[in-house]
Amino acid sequence: MTEKKPTLYLIDASSYMYRAFYAMGQRLTAPDGTPTQAVYGFHQMLQKVLKDKKPERVCVVYDPPGPTLRHAIYPDYKATRERMPEDLVVQVPLIKNLVDLLGIPSVEITGYEADDVIAALARKALQAGMRVVIISGDKDLHQLVREPHVIQWDPQKDEIFTSETVERKLGVRPEQVRDFLALMGDSSDNVPGVAGVGRKTAQNLLRQFGTLDQVLSRVEDIKSAAIKKKILAGKEAALLSRDLVTVREDAPVALEPDQCTIGAADTKGLVAFFQSLGFRRFLDELAREAGGEAAHAAAEGLQRRDRLVTDEKGFSAVLAEIAREDVLSIDLETTSTDAMRADLVGVALCWEDHQAAYIPVGHTGEDAGEQLSATRVLEGLRPFLEGERPRKVGQNIKYEWVVLKRHGVELQGIDFDTMVASYLLDPGNPSHRLERIVAEHLGESKLRYSDVAGSGKHQIPFAQVPLEKAVDYACSDAETTFRLVPVLREKLQGAKLENLMDTLERPLIAVLARMEHRGIRVDAARLHELSKVLEEGIRKEEEAIYHIAGGPFNIQSPIQLRDVLFGKLQLPVIKKTKTGPSTDMSVLEELAALHPIAQHIVTYRSLTKLKNTYVDNLPKLIHPETGRIHTSYNQAVTATGRLSSSDPNLQNIPIRTEEGRRIREAFVPEAGCVLLAADYSQIELRIFAHYSGDERLVAAFAEGADIHRRTAAEMFGVPPHEVTPEMRRQAKTINFGIIYGMGPYGLGKQLGISQAGAKAAIERYFATYEGVKGWIQQVVEECRERGYAETLLGRRRYLPELNSRNRNVRQQGERLAVNTTIQGTAADLIKKAMIDIDDAIRKEGLGTAMLLQVHDELVFEVPEDELDRIRALVRDLMENVHPLSVPLVVDMGWGANWAEAHA
DNA sequence: GAGCCCGCGTAC
DNA sequence: GACGTACGCGGGCTCG
């Protein structure tokens, strides 16, 4: 039996600090706001090493602050590196503290990079007869690999680097890595390498000559004259680069491999440490594994105390406590994510950190046992829910509002919504789910819905979830929401977003809830008739298409359609998508000149679109009890601040075509009412004029001119009455294109003119409106400096694109800067108008209901005798929502359906 | 069969 | 690669 050689694990700290910092995908923070994601990720990495390898000898190696020997050789070494982000800088001492608390030895030597210290320690270990595992993802360290004695391992990607894997990855053996990097250079460390020699050439040279020295001494043997020339010219640079990339083994390390044993962890210290950073998961683990009394106590302290309330006694105790509180977090558990169809299953409440209560009212699982009735619970809670106090907070509390309203309770005193707050802090983030918000702002992981109810087809209704799990889940929702409130409020304050929250988004919640709850009446019979008409039209188009194509096929299948158009019929490919030739509208329009099938496909598409998306689906969404359609308005989706609408989306109901308008005819008012549509005329262009301050643009709006006609007249140098429809169309396209940041290419495509012609048109536009160009440049620059676009009411959207080194990405950022400022301001204004109008309607006790918002349009259901009053009120509040340097103008129409209201 | 992506088309 | 913001449909692919 041979004694197993001990192994020394050398951890390259910087590598994992940076990676954890950037790779988490989300920003974690401690309760006090300190960023923590690098600490979190670093600890995860350490745990993986400790658990998987149970190492006896470990050493964490840090990079020292300040210059190293390499800077003496080459002052520009790592000169292109950006400085360590401040959010990471503050985490470095935390990480060092963590390593010490865990009892893991560490070393840092002034003037020597971690790589060099690792090499020196590795050499010592080999001499002592040990094996070495280098823990790092860094390719510079590949040069030290000498299996079986030295290997490199990246625990995060679980990648092991041996001679073989290094060769597969880089195309050279580990001992050639330094020469390889010396030849090709390393842009991340600003190592120059030989100009003109890249990865491939470097590989080929080393394959032929073995080492850099051989390459340089046998330069005459290089076959390619061009490469020979580059090597001769770059000899100095190559030698310098080799000095830079070579890991040296002579760092003065006092620490001996034998001393690198893990000491006892300071459990008490770790508990305090994890507690201060809010790492509940690690605390739990510590309590489970270390079993220290202190850890148990601490985990206990952070552990929620959940109360399950199933009887009158428990419920009255809860009510008595709530009565004394200022803030109440509420989360309803129900049978559906659709608030208009949801029945109550339970109520979770929280009014104190780390404590929550769950009151089941509709559990049907085997373990359900005694429960209070929904009616009883709502009656008991009513005074608190319908009063201003306690103030109510929730995650997407609009949902609670609608469900409660359907259960006869009108929620008042909404104080805060964590979803909305998270959205305001970073509207570009695609998720504002509670689980993600908790991870980002509390640094905790949370029980997920799928953890208790399963997912996919295994998902069970919440009512059947075992009560114990249900309590845990519901309480965790209510309680984390409660604790998020002060954290998010402070962050809103820090970002100057508190006012936007308090005066716009929060008051909007109840307005939207009322709109959703009210819904809009839809004439199903009318849609049914339309469906038949469309069906007949579709049948005819199908027939024509099959006839031309010489047989039936699925026109809705892009693959089959491509086959017919570009295979069978040999039509030219105009445009390509990722997967093949495009068949979209712009392509078919071009093909229409060449072949009759194209027009039929366009018509077929438009008819099936209307039928499938709208006509046949809207009736399915009519609520059985109200006979109306209740869309959901999402307040936390768009990057610009607009609302979005879904289930169904009532913000993209057709209007531009005749058949499309037939669909709007099916949206009708209640008997005795009319539908009133009020839309802002050219709101985005007006905002653009306001911001740019361009005198002619402002004057045009001040005079009430037809802006597209005016633009055409100015650009083409003709009097307004001589502007042709074609000229006006071009001007209109440019007006919109400018807001979207459209370039000559896009404008040319859109107008069907040459790119040169489009370029000239844009130049004419800028010459006409002299203030525009300057404002665009100014707003882009401001956004770049601040890091975000800002709207009139202070809404922010972060635009990291503006500092990208990639030109395309940067230009994209510039378009976003302009467009978000405009679009987001329009969103601010109509949201404020909605709040003002809702207020006025309620104050005056009117019977009118706001039903829909379509970005620049509001739709109301108005009792006939209120129409005059409402028209005046809506116009006044919309037009005077906020003073701008141009007037805001509202167009209105009304009638017996939504189409008529637009006439 | 569920879940996801793609191409496409509707709105502002 | 080139014009911003959304939602949702049908086809078709992947995965279990």
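Per chain, numbering begins at 1; letters A, B, ... match sequence-line order. In this text the structure is predicted, and so the values were computed from the model without any measurement.
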**Student:** Base, sugar-phosphate alone, or nothing: which one does A:Gln823 contact when heavy atoms must sit under 4.0 Å apart?
**Tutor:**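 If one applies the 4.0 Å heavy-atom cut-off, A:Gln823 turns out to touch a base.
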
**Student:** When all nucleic acid strands are considered with a 4.0 Å heavy-atom cut-off, which category describes A:Arg605: base, sugar-phosphate, or nothing?
**Tutor:**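 Sugar-phosphate only.
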
**Student:** How would you label the contact of A:Thr820 with the nucleic acid (heavy atoms, under 4.0 Å): base, sugar-phosphate, or nothing?
**Tutor:**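 Counting heavy atoms under 4.0 Å across all strands, no contact is made by A:Thr820.
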
**Student:** In whole Å, what is the span from the CG atom of A:Leu621 to the C1' atom of C:dC7?
**Tutor:**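 Taking CG of A:Leu621 and C1' of C:dC7, I get 13 Å after rounding.
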
**Student:** Taking the nucleotide of DNA chain C with the closest heavy atom to each, which residue, A:Thr733 or A:Leu643, is nearer the 5' end?
**Tutor:**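 The answer here is A:Thr733.
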
**Student:** Regarding A:Ser645, tell me which of base, sugar-phosphate or nothing describes its non-hydrogen contacts under 4.0 Å with the strands shown.
**Tutor:**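 Sugar-phosphate, no base atom in range.
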
**Student:** Could you tell me whether A:Val637 contacts a base, only the sugar-phosphate backbone, or nothing, with contacts defined as non-hydrogen atoms closer than 4.0 Å?
**Tutor:**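 Sugar-phosphate contact only.
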
**Student:** Name the nucleic acid region contacted by A:Gly741, choosing base, sugar-phosphate or nothing; use a 4.0 angstrom heavy-atom cut-off, strictly under.
**Tutor:**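 Sugar-phosphate, backbone atoms only, no base.
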
**Student:** Round to a whole Å and report the spacing from OH of A:Tyr614 to C1' of C:dG10.
**Tutor:**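 Rounded to the whole Å, the gap is 15 Å.
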
**Student:** Taking the side chain as every heavy atom from C-beta outward, state whether A:Leu565 and A:Thr583 have any pair of such atoms under 4.5 Å apart.
**Tutor:**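 SC-SC contact between A:Leu565 and A:Thr583 confirmed.
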
**Student:** Side-chain donor or acceptor of A:Arg642 under 3.5 Å from a matching atom on the base of B:dC12?
**Tutor:**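 Yes.
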
**Student:** Any salt bridge between A:Arg526 and A:Glu529, counting N to O under 4.0 Å?
**Tutor:**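 Answer for the salt bridge query: no.
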
**Student:** Contact class for A:Gln812 vs. all strands (heavy atom < 4.0 Å): base, sugar-phosphate, or nothing?
**Tutor:**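 The answer is sugar-phosphate, as A:Gln812 gets under 4.0 Å only of primed atoms, P, OP1 or OP2.
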
**Student:** Is A:Ala826 touching bases, backbone alone, or none of the nucleic acid, heavy atoms closer than 4.0 Å?
**Tutor:**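 Nothing, no nucleic acid heavy atom in range.
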
**Student:** Please classify the nucleic acid contact of A:Asn634 as base, sugar-phosphate, or nothing, using heavy-atom distances under 4.0 Å.
**Tutor:**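 Here A:Asn634 touches no strand at all.
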
**Student:** Answer with base, sugar-phosphate or nothing: what part of the nucleic acid does A:Ile653 contact at a heavy-atom distance below 4.0 Å?
**Tutor:**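 Since only primed, P, OP1 and OP2 atoms lie under 4.0 Å of A:Ile653, the category is sugar-phosphate.
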
**Student:** Could you tell me whether A:Asp451 and A:Arg448 make a salt bridge, using a distance below 4.0 angstrom between a side-chain N and a carboxylate O?
**Tutor:**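 Looking at A:Asp451 and A:Arg448, the cut-off is met.
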
**Student:** Hey, would you say the A:Phe860 and A:Trp894 ring centroids sit under 6.0 Å apart?
**Tutor:**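 Ring-ring flag for A:Phe860/A:Trp894: false, centres at least 6.0 Å apart.
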
**Student:** Among C:dG8, C:dT5, B:dG7, find the nucleotide with the atom closest to the side chain of A:Thr577.
**Tutor:**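 From the listed options, B:dG7 comes nearest.
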
**Student:** What is the nucleic acid contact for A:Ile739, judged by heavy atoms within less than 4.0 Å: base, sugar-phosphate only, or nothing?
**Tutor:**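 The answer is nothing, as A:Ile739 stays clear of every strand by at least 4.0 Å.
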
**Student:** Rounded to the nearest Å, what distance is computed from the NZ atom of residue A:Lys749 to the C1' atom of nucleotide C:dG4?
**Tutor:**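 Nearest whole value for this atom pair: 20 Å.
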
**Student:** Does A:Leu747 reach a base, just sugar-phosphate, or nothing at all? Heavy atoms under 4.0 Å.
**Tutor:**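 Result for A:Leu747 = nothing.
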
**Student:** Between A:Leu561 (CG) and B:dG9 (C1'), how many Å, whole number?
**Tutor:**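 Distance check: A:Leu561 CG to B:dG9 C1' gives 15 Å.
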
**Student:** For B:dC8 and C:dA2, measure between their P atoms and round to the nearest Å.
**Tutor:**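 It comes out at 15 Å once rounded to the nearest Å.
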
**Student:** Within this structure, what is the CD1-to-C1' distance between A:Ile555 and B:dC8, rounded to whole angstrom?
**Tutor:**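 Distance, rounded to whole Å: 15 Å.
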
